[in-house]
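One structure is given here, and the rest of the page talks about it.
FYI, the numbering just counts along the sequence from 1. Counting starts at 1 for both ligands and their atoms, in listed order.
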Amino acid sequence: MPERMAVIIIDMLNDFVTGDLKCDRAQRIIPNLKKLVETARKNGVPVIYCNDAHYPGDFEVHRWGLHAVKGTKGAEVIPELKPTKKDFIVEKRTYSGFFETGLDPLLRSLYNGEGVRTVVLGGLHTHICVRHTAADAFFRGYKIIVAKDGVEAFTQEEHEQGLRYLEYVYNAKLMTVDEIIKEVEKGSC
Ligand code: ZN
């Protein structure tokens, strides 16, 4: 697998989909992400969930209100995308999956220590946590693929602008989930 890919699913949590920070537009990406994680698992591509797990005093809470509090139902991955025992879970306390978490050392430890080369990003939201996670992936030299039908935002405009920004600034390759699945199944990941 020359691309040594890992699928990273960001904040597909109850609070983000149906709870305190509810985003109706998230519904449409659920079946796509389900296909993506199932294909990844079948083909030995690591699946990593980057999940908000807030303490009530976190600075971000002043911007968004209380959401995804560590240990609550709201901070759990939605049932449709429930992680399996083989998946990895990285808890985060602000937008980026890399910020003061173990994500980078985890990625470097995979593929028998050769490390992940390409991160495939899906989840919420295109212009917030996906963007900040992409930024930190870019700064660390990872190649980035964004599942363009596997990320969403509160509005179409935020989503589209978010995608353009990811492509323009972080050189992210925008692909549909079906296109990514084809690559994974070819074994070129
Ligand atoms: Zn948060």
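Annotation: side chain to side chain donor-acceptor pair (under 3.5 Å) contacts of Thr94 (sequence neighbours excluded): Glu60. Applying the side chain to side chain donor-acceptor pair (under 3.5 Å) rule to Thr133 yields no partners; only residues at least two apart in sequence or on another chain are considered.
For CD of Gln156, the number of neighbouring non-hydrogen atoms (other residues, nucleotides, ligands) closer than 6.0 Å is greater than 12. Annotation for Lys34: atom NZ does not count as buried by contact number, only 12 or fewer foreign heavy atoms lying within 6.0 Å.
Around the Zn ion (ligand 1), the protein contributes the following N, O or S atoms under 2.8 Å, ordered by chain and number: Asp52 OD2, His54 NE2, Glu60 OE2, His67 NE2.
Aromatic rings of Tyr165 and Tyr170 (six-membered ring for Trp) have centroids within the 6.0 Å cut-off, being under it.
Judged as a ring-ring contact (aromatic ring centres under 6.0 Å, His included), the pairs with a partner in residues 9-36 (not counting sequence neighbours) are, in order, Phe16-His67, Phe16-His125.
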